[in-house]
Amino acid sequence: MITINNLHASIDGKEILSGLSLEVKPGEVHAIMGPNGAGKSTLASVLAGREEYQVTSGSVNFDGKDLLDMSTEDRAREGLFLAFQYPVEIPGVSNVNFLRTALNEIREYKGQKSISAKDFMAMVREKSSVVELDPKLASRSVNVGFSGGEKKRNEIFQMAMLEPKLAILDETDSGLDIDALRIVANGVNTLKSKENATIVITHYQRLLDYIVPDFVHVLYNGRIVKSGTKELALELEEKGYDWIKAEIDAQ
Amino acid sequence: MWRIFFALTYILKMGYTENELAKDLENQEYKFGFVTNIASDKAPKGLNEDIIRFISAKKNEPEWLLEHRLKAFAIWKKMTEPSWAHVKYAKPDFQDITYYSAPKQSKKYESWDDVDPEMKETMAKLGISLEEQQRLTGTNIAVDFVMDSVSVATSFKAKLAELGIIFCSFSEAVQEYPDLVKKHMGTVIPVTDNYYAALNSAVFTDGSFCYIPKGVRCPMELSTYFRINEGGTGQFERTLVIADEGSYVSYLEGCTAPQRDENQLHAAVVELIAMDNAEIKYSTVQNWYPGDKEGKGGIFNFVTKRGICEKHAKIAWTQVETGSAVTWKYPSCILKGDYSIGEFYSVAVTNNFQQADTGTKMIHLGKHTKSTIISKGISAGKSQNSYRGLVQIHKNAEHARNFSQCDSLLMTDECGAHTFPYIECKNSTAKIEHEATTSKIGEDQIFYCLQRGISEEKAISLIVNGYCKEVLNQLPMEFAVEAQKLLAISLEGSVG
Ligand SMILES: Nc1ncnc2c1ncn2[C@@H]1O[C@H](COP(=O)(O)OP(=O)(O)O)[C@@H](O)[C@H]1O
Ligand SMILES: [Mg+2]
């Protein structure tokens with residue numbers, strides 16, 4: 001699915017990712033954890049193709065293609081989806097119009113016919129129920145006036161609509177109460193299949209009770225410094241990051 | 001733009017998809033820059049009494065109208081060009097302009113077959129072909145077509161006539177309905193009003209005239225289409241819309257001009273009269289040639305538009321301005337009658353070296369009069385975009401209310417947005433609210449769209465259209481679709 005090899009990236013000349021490697025296979029769920037400022041969101045942004053970041057070396061292979069060579073929109077059309085840590089508001093643009101435009105651009109890229117209004121609305125109804133999103137929100141302006149939880153649920157709703165191969169969820173759990181957390185996790189689990197994969201970026205092990213990862217990685221100083229199974233998350237929860245920091249800094 | 005417009009009206013019935021619409025959007029260059037080779041019947045360049053007599057004689061005008069023109073000319077000569085607007089341009093050389101240019105076959109056509117093929121082609125390119133319209137019966141838009149200075153054809157006239165609605169060229173109105181014209185012309189915008197209005201009053205060649213009788217609701221959108229064709233010509237149209245008591249009309253105005261190196265002058269006058277309980281909606285999508293990327297060429301658009309509202313009457317101006325090198329335009333409402341309403345909804349886009357100084361004046365004279373101003377400025381490139389508005393509450397205007405909202409959106413760091421709101425209030429019962437915002441188009445918003453697979457072009461178009469939604473919502477549906485596409489085309493590759 002995705003193979004990240006020795007990735008270095010910087011912003012304004014400051015290196016944030018320093019030789020990060022990671023491989024995710026279809027059907028897998030990977031969790032990336034790590035202290036604040038470790039570079040988790042940076043990794044998500046670099047993979048999604050945010051222009052402010054410069055990739056200085058390394059490679060990323062996405063389903064047989066050179067990801068770093070593709071434009072931001074083509075990465076999305078190839079099936080890479082980022083659920084934003086801070087979803088953006090677009091006043092005056094309805095959620096449905098936004099999504100229909102996105103969906104049709106993706107379909108056009110794949111040489112498919114654009115979706116009919118009828119099929120689209122049926123899809124909206126079906127997918128909004130997956131994340132228990134009030135259908136009324138679908139016709140409101142993108143994220144405008146949404147509560148924190150609604151914004152996060154809207155991200156998962158969009159993911160459900162666009163059916164990506166690889167979804168990266170950046171702190172989708174932050175700011176969610178326990179019910180919202182369960183709903184979001186439910187959504188993610190429902191959409192999981194043998195063909196797609198998920199990278200869950202999180203601070204807290206709490207989310208991983210609901211979205212059970214196959215692998216857990218610790219990102220620190222711009223690299224993956226430790227990998228394990230879901231037990232690693234529990235260990236981090238218990239002991240914090242200091243022991244890992246100490247281990248790395250000692251080397 | 002009209003080609004797509006009509007095509008759309010047609011296809012909408014057949015089920016037009018957003019995707020097809022998107023395809024149309026891809027055409028980015030100024031699409032209307034072609035020149036028609038029709039031999040034209042032109043006055044010599046220059047401006048003097050003889051030229052005015054020539055125009056008047058060409059049009060077979062009554063003596064009073066010639067007198068009116070000559071008086072306006074005398075007044076204009078004593079006036080100086082205004083310089084208060086936030087625009088810079090080389091003053092037009094008024095002696096280097098051709099004031100009358102009629103396509104040669106300017107006679108009335110007996111049938112469609114009589115129309116010059118070249119003219120037909122022009123109309124076809126513009127999509128305004130009557131042939132097409134005739135085919136698409138049920139398209140509820142009647143069109144008057146003003147090319148250079150002469151009104152070429154007015155469609156649907158018979159259908160409108162059944163209701164007593166008059167919709168024709170201004171020249172025809174002078175011949176057929178001289179009393180109506182004489183009674184109302186210049187009552188809203190007097191000859192002395194301003195420099196360009198005076199000039200227009202002296203040299204106007206054609207335009208549209210519309211009268212809606214008492215209690216009649218005009219069943220279709222009335223539309224005038226303006227196009228400047230001949231090089232070095234000025235276009236000075238005059239539009240007069242009279243909505244008699246209790247009537248309603250929605251009027252659309254579209255504009256294009258071919259690409260030329262030199263600047264061309266457009267100085268129109270539009271007068272609206274809404275009698276007791278009448279309502280006029282006047283919508284403009286202005287797409288004059290804006291000049292090239294270096295700022296060469298383009299139309300100087302100096303327009304005076306004003307309406308007067310009697311008791312319980314309403315006038316709503318909606319404009320989407322994307323073209324012209326320099327725009328100077330303030331559609332206004334005189335709220336004379338008690339409980340009358342004035343509205344102004346505007347989107348003004350400037351790109352490259354375009355300059356726009358536009359806004360409105362709401363003059364509250366009557367009691368309980370109400371006005372709303374929604375202005376959305378979008379500046380890109382190195383352009384300058386100014387909102388200038390006046391809200392005036394007179395002494396007797398008890399309980400007048402105004403709400404103004406002026407937003408500016410900046411696409412680059414090199415462009416400018418300016419807001420000049422003037423408020424003059426002489427009655428303490430008035431309630432006036434003014435809101436203004438300036439924002440830069442968000443990198444975050446664009447990235448968010450890109451990440452969902454939306455191209456940058458379409459992202460900008462979505463964001464900008466979202467920003468302008470309140471205004472676009474005021475336009476008739478087909479026109480709104482057209483306006484959205486124009487916005488996208490005007491802002492092509494403009495984020496920086
Ligand atoms: N736009 C930026 N300019 C400069 N530094 C940045 C920028 N964005 C992030 N950083 C820095 O990069 C580091 C990693 O940030 P981030 O990827 O957001 O961390 P995380 O998501 O793991 O908390 C931090 O030190 C942060 O301050
Ligand atoms: Mg982060």
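Side-chain atoms are counted along with the backbone in the values below, which use heavy atoms only and exclude waters and symmetry mates. Every chain is numbered from 1 and lettered A, B, ... according to where its sequence line falls, protein lines coming before strand lines.
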key: salt bridge (charged side-chain N to carboxylate O under 4.0 Å, His left out) evaluation trace for A:K127 with A:E163   = CA-CA 10 Å; A:K127 305 290 184 178; A:E163 300 174 330; 3.4 Å; yes

task = May I ask you to name which of B:L450, B:I463, B:L472 has the most heavy-atom pairs under 4.5 Å with chain A?
result =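 If we count pairs closer than 4.5 Å to chain A, B:L450 comes out on top.
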
Contact list for residues 98-134 of chain A, test ring pair (Phe, Tyr, Trp, His ring centres under 6.0 Å), sequence neighbours left out =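 Qualifying pairs, neighbours excluded: A:F98-B:Y448.
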
message = How about CZ on B:R401, more than 12 heavy atoms from neighbouring residues, nucleotides or ligands closer than 6.0 Å, or not?
response =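 Check fails, neighbour count at 12 or below.
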
inquiry  = Between B:K376 and B:E470 (salt bridge meaning N to carboxylate O under 4.0 Å), is one present in this structure?
reply    =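 Salt bridge: yes.
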
key: side-chain contact (heavy atoms from CB on, under 4.5 Å) partners of A:P164, counting only residues at least two apart   =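 Partners of A:P164 under the side-chain contact (heavy atoms from CB on, under 4.5 Å) test: A:F81, A:M159, A:A167.
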
query = Between A:E51, A:Q158, A:E52, which shows the greatest number of heavy-atom pairs under 4.5 Å with chain B?
reply =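 Heavy-atom pairs under 4.5 Å are most numerous for A:Q158.
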
pair A:I183-A:L133: side-chain heavy atoms closer than 4.5 Å =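 No, every pair of side-chain atoms sits at 4.5 Å or beyond.
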
request  = Go through A:Q85 and A:K40 one step at a time and tell me if the side-chain hydrogen bond (donor to acceptor under 3.5 Å, both in side chains) criterion holds.
outcome  = CA-CA 11 Å; A:Q85 182 170 2; A:K40 303 183 295 292; over 6 Å; no

ask   = Sequence neighbours excluded, which residues qualify as side-chain hydrogen bond (donor to acceptor under 3.5 Å, both in side chains) partners of A:K151?
value =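 By the side-chain hydrogen bond (donor to acceptor under 3.5 Å, both in side chains) rule, A:K151 matches A:E89.
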
task = Please flag which part of A:L162 lies under 4.5 Å from any non-hydrogen atom of chain B: side chain, backbone, both or neither.
result =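 Just the side chain, heavy atoms under 4.5 Å.
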
ask   = Which atoms of B:C468 come close to chain A, meaning under 4.5 Å heavy atom to heavy atom: side chain ones, backbone ones, both, or neither?
value =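 For B:C468, there is no contact with chain A at all, as no heavy atom is under 4.5 Å.
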
ask   = What residues of residues 69-80 of chain A sit under 4.5 Å from chain B when you count only heavy atoms?
value =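 Near chain B, by residue number: A:T72, A:E73, A:A76, A:R77, A:L80.
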
